[in-house]
Amino acid sequence: MRKILIPLFIVVSTLAFSQGKNESKSHKITSVKTKLIVFTSADSTNLRLSKTDELSFSELKQPLETQTCIFVNPNKKFQTFLGIGGAVTDAAAEVFAKLPAAKQQEFLEAYFSKTKGIGYTLLRTNIHSCDFSADSYTYIDEGDKDLKTFNVKHDEQFKIPLLKKAIETIGKDATVYASPWSPPAFMKSNKSMLFGGKLLPEYYQSWANYYVKFIKEYQKQGIPIWGITVQNEPMATQRWESCIYSAEEERDFLKKFLGPTLKKAGLGYKKINIWDHNRDLITQRVTTILDDPEANKYVWGIGFHWYENWTGGEQMWPNISQVNKMYPNKNLLFTEGCIEKFDTAKLQLWSNGMRYGKSMINDFNNGTVGWTDWNILLDEKGGPNHVQNYCFSPLHANTTTGELLYTPSYYFIGHFSKFIQKGAKRISATSSRSNLLTTSFINNDGTIVTVVLNQSNKKVIYNFCINSKTTEITILPYAIQTLLY
């Protein structure tokens, strides 16, 4: 059964705030004049985005070294928040189509409503097939270099209808971007959409034209494409749709073909994201492309994934920080992450949600503007997937019973996406102890959102401190909290 979410209740703050770098006036926040509301999700409890406390502030005295503290400074602002969301793949759309009408509505509200659900605004989708498609397909006949047969009829059955419903539910803040997994087979060195291979130089222009066709056809369907990534995982030879680009090859394709082609077609305003792969090799890729002025001018941001943790160690968040410092005028966008190797017995595994919370806090603190999960919906087997690469998603559907299953990951993501508004600014937030992770944003309406994650197996009592005010909060083991004030 679905856990009932508490509707978002905001006590409107009297705090003054800065609207951004270009504003002529900037106001410092000097006082806190509102109560603090706590929302909690915790392991081994029924708490799922549940309102657990409403607290008042008192005067802050000098903290002691024996105390655990969270410090927030709303006058120190960083990147502007774009949004949080997930991928509308063929698999997600096909499973959605199998749900009863009432469950389809529940699903749409659960993800895309700010009041009834967790308020997703970012949507990623695949340009023709990926591993989470029922089979491999393209939008043209094989060998059609001139793209005379281009059409998106394949997507009209499942994917386009779901995208339209999601956009309608989200409203004006909906942001859709698209990624290709592989060019058509005839354009590649291995003559296959699968198992890597490279885009042949003689098809660079044809492939660049393909992006233009896709964007225009989707926009005819009523789906505005905000941006694209050049290539999903350009250093991964997969048994599913994949294509390899060296850093120099991606740079040259971008600056000589893709960028100029989009501009010539009147689509130069679309946001182009490079890399779209893991954090491990990101600095080499980014410097190769962005240190070239001709390539740099076409790049809005850098996409990245979380799958670099091959040896069980920490994720490479310092690499994201380095990119942010080297190229502060470019945007960091988390474009994909999921829990792999689907296992029905682990659908409610709390540590899956913990991985999301930890990654999102670290990514945002290192400069990320938006965060996109992988599939928004999969079936009871972790698919469909035409190469048996079954994975977890925040929501799963039992296609036999028509029921929706909510996993811990859904609630962990919701602690961010439900409360942080598009256009918010990240503000300074630090913890005095490593067992607590935290990040904070100030929304354009003046409300402040602080997320706290307890990484330990013990209950923690901490002092929450903002400017000259403080309040004492308790967080349960392995719990995540959102503080709204």
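All heavy atoms count here, side chains included; hydrogens, waters and symmetry mates do not.
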Closest non-hydrogen contact found for P63 with F71 is CG-CE2, 3.9 Å
So which of H277, R124, E241 actually passes side chain to side chain donor-acceptor pair (under 3.5 Å) with N232?
-> R124
Below 4.5 Å, heavy atoms only, C-beta onward: do N352 and S409 meet side chain to side chain?
-> yes
E106/K103 ion pair, N-O < 4.0 Å = yes
What is the distance from atom NE2 of H415 to atom CG of L483, rounded to the nearest 0.5 Å?
-> 10.5 Å
Say whether, by atom type as modelled, one donor and one acceptor occur between the side chain of H396 and the main chain of D379 under 3.5 angstrom.
-> yes
Determine yes or no for a side-chain-to-main-chain donor-acceptor pair under 3.5 angstrom, with K76 supplying the side chain and A429 the backbone.
-> no
Under the side chain to side chain contact (heavy atoms under 4.5 Å, CB included) criterion, do I376 and F96 qualify, and how do the steps go?
-> CA-CA 10 Å; I376 57 174; F96 174 81; over 6 Å; no
Where the side chain of W317 meets the backbone of N366, is there a donor-acceptor pair that is under 3.5 Å apart?
-> no
Looking at side-chain heavy atoms only, is the closest gap between F107 and T169 below 4.5 Å?
-> no
Tell me, do D131 and Q238 make a side-chain contact under 4.5 Å, heavy atoms counted?
-> no
Heavy-atom nearest pair, K270 first then I215, reads CE-CG2, 4.0 Å
Would you indicate whether Q348, at its atom CD, is surrounded by more than 12 heavy atoms from other residues, nucleotides or ligands within a distance under 6.0 Å?
-> yes
Start with the C-alpha distance between V449 and F81, add both sets of side-chain angles, then the distance that settles side chain to side chain contact (heavy atoms under 4.5 Å, CB included), and finish with yes or no.
-> CA-CA 12 Å; V449 180; F81 180 75; over 6 Å; no
Do the ring centers of W371 and Y356 come within less than 6.0 Å of each other?
-> yes
Is there a side-chain contact between T438 and L436 (heavy atoms, below 4.5 Å)?
-> no
With distance as the sole test, does N385 use its side chain to make a donor-acceptor pair with the main-chain N or O of V387 at under 3.5 Å?
-> yes
Any ion pair linking R279 and E308 (charged N to carboxylate O, less than 4.0 Å)?
-> yes
Flag for W300-N273: side-chain donor and acceptor within less than 3.5 Å | no
Can you find a pair of side-chain heavy atoms, one from I480 and one from V451, that are under 4.5 Å apart?
-> yes
Assess whether side chain to side chain contact (heavy atoms under 4.5 Å, CB included) is satisfied between E336 and Y307, documenting all intermediate values.
-> CA-CA 9 Å; E336 185 184 319; Y307 306 111; 2.9 Å; yes
Do the non-hydrogen side-chain atoms of W306 and R355 ever get within less than 4.5 Å of each other?
-> yes
Qualifying residue, where the test is ring-ring contact (aromatic ring centres under 6.0 Å, His included) with F39 and the options are Y485, F419, Y411 | F419
Using 30° and 60° as the class limits, which term best fits the ring planes of F364 and F416: parallel, tilted or perpendicular?
-> tilted
What one should report as the nearest heavy-atom pair of P477 and N454 is CA-ND2, 3.6 Å
Does one side chain, of T482 or K418, offer a donor that lies under 3.5 Å from an acceptor on the other?
-> no
Does W181 offer a backbone N or O that forms a donor-acceptor pair with the side chain of Q231 under 3.5 Å?
-> yes
Give a yes-or-no answer on whether the side chains of Q221 and E217 include a donor-acceptor pair shorter than 3.5 Å.
-> no
Measure the spacing between CZ of F57 and OG1 of T471 and express it to the nearest 0.5 Å.
-> 6.5 Å
With a 3.5 Å cut-off and no angle check, do the side chains of N319 and T283 form a donor-acceptor pair?
-> no
Under 3.5 Å side-chain donor-acceptor pair for T121 and D173 = no
To the nearest 0.5 Å, atom CZ of F334 lies from atom CG of L122 at 12.0 Å
N/O donor-acceptor pair under 3.5 Å between T68 side chain and R433 backbone | no
Measuring from I413:CD1 to T407:OG1, what's the distance to the nearest 0.5 Å?
-> 7.5 Å
Partner of K422 under side chain to side chain donor-acceptor pair (under 3.5 Å), chosen from N443, N444, T175 = T175
Show your working on side chain to side chain contact (heavy atoms under 4.5 Å, CB included) between T399 and K381 and close with a plain yes or no.
-> CA-CA 10 Å; T399 55; K381 298 177 181 178; over 6 Å; no
T372 and Y177 side chains, donor-acceptor separation under 3.5 Å | yes
Looking only at heavy atoms, what is the nearest atom pair of K358 and L437, with distance?
-> CG-CD1, 3.7 Å
Quick one: does T40's side chain get under 4.5 Å of S50's, heavy atoms only?
-> no
Donor-acceptor side-chain pairing of D90 and S133 below 3.5 angstrom | yes
To the nearest 0.5 angstrom, please state how far the NZ atom of K159 sits from the NE2 atom of H154.
-> 8.0 Å
Determine the minimum heavy-atom distance between L108 and L162, stating which atoms define it.
-> CD2-CD1, 4.1 Å
Determine yes or no for a side-chain-to-main-chain donor-acceptor pair under 3.5 angstrom, with S428 supplying the side chain and V72 the backbone.
-> no
Do Q79 side-chain atoms and R426 backbone N/O form a donor-acceptor pair below 3.5 Å?
-> no
For residues N375 and T89, is any side-chain donor paired with an opposing acceptor at under 3.5 Å?
-> yes
Polar side-chain atom of H386 near backbone of C130 as donor-acceptor pair, under 3.5 Å = yes
Taken to the nearest 0.5 Å, the spacing of D373 CG from S359 OG works out to 10.0 Å
Exercise: do Q421 and D445 side chains pair donor with acceptor under 3.5 Å | yes
With a 4.5 Å limit on heavy-atom distance, are the side chains of F132 and W240 in contact?
-> no
For N324 and G367, which heavy atoms make the closest approach, and how far apart are they?
-> ND2-CA, 3.8 Å
